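Here is the structure we will look at, set down as structure tokens.
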There are 2 protein chains.
Amino acid sequence: MSPARTVTIADVARHAGVAVSTVSYVLSGKRAISATTRQRVLDSVRALDYHPNAGARALASKRAKVIALVLPLRAGMNLPVLMQFAVSVVTTARQYDHDVLLMTADEGPDGLRRVAASSLVDGLLVMDVELHDPRGPLLRQLGEPSVLIGFPADRDGLTCIDLDFARAGALCADHLIGAGHREIALLGAPSVVYERGTGYAGRTLAGFTEAAARHGVPAAVRPCEESFDAVCSAVRDLLGAHPGTTGLVVHNEAAVGHVLGALRMLGRRVPQDVSVVAICPDDVAERAGPPLTSVLVPAEDVGRQAVKLLMAKLDGESVPQSTLLQPRLTIRESA
Amino acid sequence: MSPARTVTIADVARHAGVAVSTVSYVLSGKRAISATTRQRVLDSVRALDYHPNAGARALASKRAKVIALVLPLRAGMNLPVLMQFAVSVVTTARQYDHDVLLMTADEGPDGLRRVAASSLVDGLLVMDVELHDPRGPLLRQLGEPSVLIGFPADRDGLTCIDLDFARAGALCADHLIGAGHREIALLGAPSVVYERGTGYAGRTLAGFTEAAARHGVPAAVRPCEESFDAVCSAVRDLLGAHPGTTGLVVHNEAAVGHVLGALRMLGRRVPQDVSVVAICPDDVAERAGPPLTSVLVPAEDVGRQAVKLLMAKLDGESVPQSTLLQPRLTIRESA
DNA sequence: CCATGCCGTCGAAGCGCTTCGACAGAAGGG
DNA sequence: CCCTTCTGTCGAAGCGCTTCGACGGCATGG
């Protein structure tokens with residue numbers, strides 16, 4: 001429309017008949033301003049459709065009001081959960097009046113250094129941290145406020161949050177055993193995921209195994225690739241080697257549909273012949289046939305909490321080093 | 001380590017024994033600087049590990065070197081593709097020395113207005129634009145450089161890019177008909193997606209129907225919800241109503257696995273009894289059983305091209321109003 | 001009734017960078 | 001040999017905002 005010279009705080013001040021600093025204080029609330037002046041300023045802001053310049057604000061206040069979200073970029077990642085997570089981070093950050101800069105891990109440590117050093121962001125949210133993640137030491141050294149999703153082996157001086165996967169594995173085992181199953185098994189992620197030392201996969205497995213042992217129930221465990229054929233033979237092998245298995249836990253979102261297909265092909269009915277519990281998002285569980293009893297990965301919760309932790313750190317509050325989110329089992333038809 | 005007062009351009013200038021402006025010109029290349037001076041400055045930059053302050057740069061140059069990626073946030077979205085897309089946008093943007101601000105559509109028009117007006121970003125990438133998307137007019141009015149992924153009905157003055165879904169639909173039909181099928185069908189997205197006027201779904205359907213008509217082959221079409229049961233009855237209905245159907249196109253990523261399961265349950269072998277072609281990402285097609293002949297949604301290409309278009313616009317170049325990416329059919333075992 | 005405080009507002013000094021105009025000195029032309 | 005034209009560099013003026021210190025004016029208390 002108009003030639004649109006952008007509106008500055010000086011324009012607002014002039015329009016409202018006050019000093020620039022007064023406008024600033026009205027907007028930030030950092031000093032008391034009389035109700036009448038405040039209102040006049042606010043009206044001018046609205047009238048002129050004023051939006052503070054982000055760069056100038058960042059420069060003067062040393063706060064960019066932007067946080068970085070660092071995504072992993074690896075094989076075997078499960079994109080939908082990542083996405084849900086990202087969305088919840090953005091939504092929550094906005095509630096704190098912050099924006100989110102999206103980064104991929106493939107720029108490596110330099111990327112983190114760059115955004116931190118350039119004051120592009122005030123803090124970092126690092127996803128999918130592995131057991132021996134090089135970014136752990138880096139973050140410690142960087143001194144930039146950060147929150148990690150996932151647990152590195154050495155979490156000293158870091159703030160970490162994740163679903164309690166050990167508990168999730170145990171919950172699945174307990175549920176099956178409680179339902180009377182006397183031999184159970186876990187079908188996991190592709191083996192590369194375990195080898196990489198991805199914390200959550202190993203922790204689920206440990207929790208599962210431990211719970212089974214506690215009840216004295218034999219528990220087989222098998223990694224599982226994600227193609228239909230691979231899943232079929234994995235299931236066949238498993239049931240061959242452990243014919244008494246009647247309870248199955250699946251911790252592999254991409255394979256979960258195939259597992260049901262494989263069981264169908266092998267003539268095993270779910271849940272009559274084999275009970276299945278999955279660890280996956282609700283929508284996957286719901287649209288499976290039959291709908292799966294499942295423990296969900298509460299991506300949204302994790303995202304929200306992670307942002308809250310980071311905001312607390314930005315405000316100089318001290319926060320717990322580790323936060324574990326409790327898993328929740330939803331009973332559907334498969335177990 | 002150190003108390004870490006951040007390094008400024010003045011520090012670099014002092015260290016190199018030149019003026020601040022000289023450092024700036026070395027870094028931006030906007031004026032000729034002698035080789036020796038340039039080298040000295042560059043050395044100092046490295047020695048001090050200097051990173052320009054993003055806010056100051058943005059303020060002075062009126063270029064933030066950040067673009068916004070606006071994601072949709074709707075039911076029936078398919079997250080993995082979105083994610084792939086986002087990753088490719090970030091990667092490409094980095095090649096142009098830009099960062100990416102992630103926004104969700106749920107902040108609405110105000111969100112776009114806000115980031116644009118505050119100069120937080122230099123341009124906008126808007127994903128998953130619908131036929132009658134309110135953001136079309138908004139962008140036009142905003143005057144901020146932008147690129148839309150998807151085609152609104154009125155694309156005057158906008159820059160749009162997408163996969164040529166009509167062509168993709170036609171390609172599937174052509175492939176099946178070329179293989180000798182005399183009655184074919186399309187299993188599509190959930191009906192809500194069509195009703196919303198999501199361009200790509202409708203265009204696929206149109207391309208498919210048209211191609212079939214051109215060959216004089218009857219072609220049924222059916223939207224499809226994504227739960228296993230719904231898919232089963234959809235497939236059953238379809239095959240019941242059109243018993244001669246031997247070629248099936250599936251344009252629904254979440255349902256594609258279930259379709260194969262349903263066919264198996266109905267006793268139809270793939271590809272002996274029914275040939276199946278899917279429109280979905282390669283990894284989904286590959287890990288299906290049997291691996292699916294498919295047309296992939298080239299999320300990465302779209303992302304890369306979209307960024308390139310946006311960068312061209314930021315540089316003041318003029319770009320084509322519409323860009324259509326050609327689909328590619330990959331033959332696997334299912335058709 | 002004057003000293004004391006507080007409240008609300010203002011002016012000005014930066015924040016770190018880009019960019020414009022100026023200006024030495026070298027190079028080239030008449 | 002002087003005047004012009006480049007080249008390479010410098011200094012300074014902002015960019016739009018936050019924040020600090022200052023300062024009138026009003027109420028309070030002695």
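Labels below follow one simple rule: chain letters A, B, ... track the order of the sequence lines, proteins then strands, and each chain is numbered from 1. Values below: all heavy atoms of this structure, side chains included; hydrogens, waters and symmetry mates excluded. A quick note: this is a predicted structure, and the numbers were derived from the prediction, not measured.
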message: Nearest heavy atom decides the nucleotide; on that basis, is A/Tyr50 or B/Arg38 closer to the 5' end of DNA chain D?
response: B/Arg38
message: Let me spell it out: for each of B/Thr36 and A/Val7, pick the nucleotide of DNA chain D with the closest heavy atom. Which residue's pick is nearer the 5' end?
response: B/Thr36
Do [X] and [Y] come close enough that some side-chain heavy atom pair is under 4.5 Å?
| X | Y | value |
| --- | --- | --- |
| B/Val302 | B/Phe85 | yes |
| A/Val89 | A/Met127 | no |
| B/Met83 | A/Leu71 | yes |

query: Using 4.0 Å as the upper bound for N to carboxylate O, is an ion pair formed by A/Arg94 and A/Asp97?
result: yes
query: Should A/Asp43 and A/Arg40 count as an ion pair when the cut-off is N to O under 4.0 Å?
result: no
field: Length of the CZ-C1' vector between B/Arg31 and D/dC10, whole Å
entry: 10 Å
Quick one: label [X] by what it contacts on the DNA or RNA (base, sugar-phosphate, nothing), any heavy atom closer than 4.0 Å.
| X | answer |
| --- | --- |
| B/Ser61 | sugar-phosphate |
| A/Val20 | base |
| A/Ser24 | base |
| A/Ser21 | base |

- line: With a 4.0 Å cut-off (strictly under) to non-hydrogen atoms of chain A, the first and last hit nts on DNA chain C, 5' to 3', are C/dG8 to C/dG16
- prompt: Considering the options B/Glu144, B/Glu107, B/Met103, which one meets the side-chain contact (heavy atoms from CB on, under 4.5 Å) requirement together with B/Val115?
  reply: B/Met103
statement: side-chain contact (heavy atoms from CB on, under 4.5 Å) test vs B/Leu42 passes for just one of B/Leu27, B/Val12, B/Thr37, B/Val23, namely B/Leu27
message: Evaluate B/Leu124 against B/Leu139 for side chain to side chain contact (heavy atoms under 4.5 Å, CB included), listing each step before the verdict.
response: CA-CA 9 Å; B/Leu124 304 167; B/Leu139 287 173; 3.5 Å; yes
query: Which angle, rounded to 10°, do you find between the first-five-pair axis and the last-five-pair axis of the helix from C/dC1-D/dG30 to C/dG30-D/dC1?
result: 40°
task: Identify, between A/Ala56 and B/Leu27, the residue whose nearest nucleotide on DNA chain C lies closer to the 5' end.
output: A/Ala56
field: Flag, side chain of B/Arg113 to backbone of B/Leu138, donor-acceptor distance under 3.5 Å
entry: no
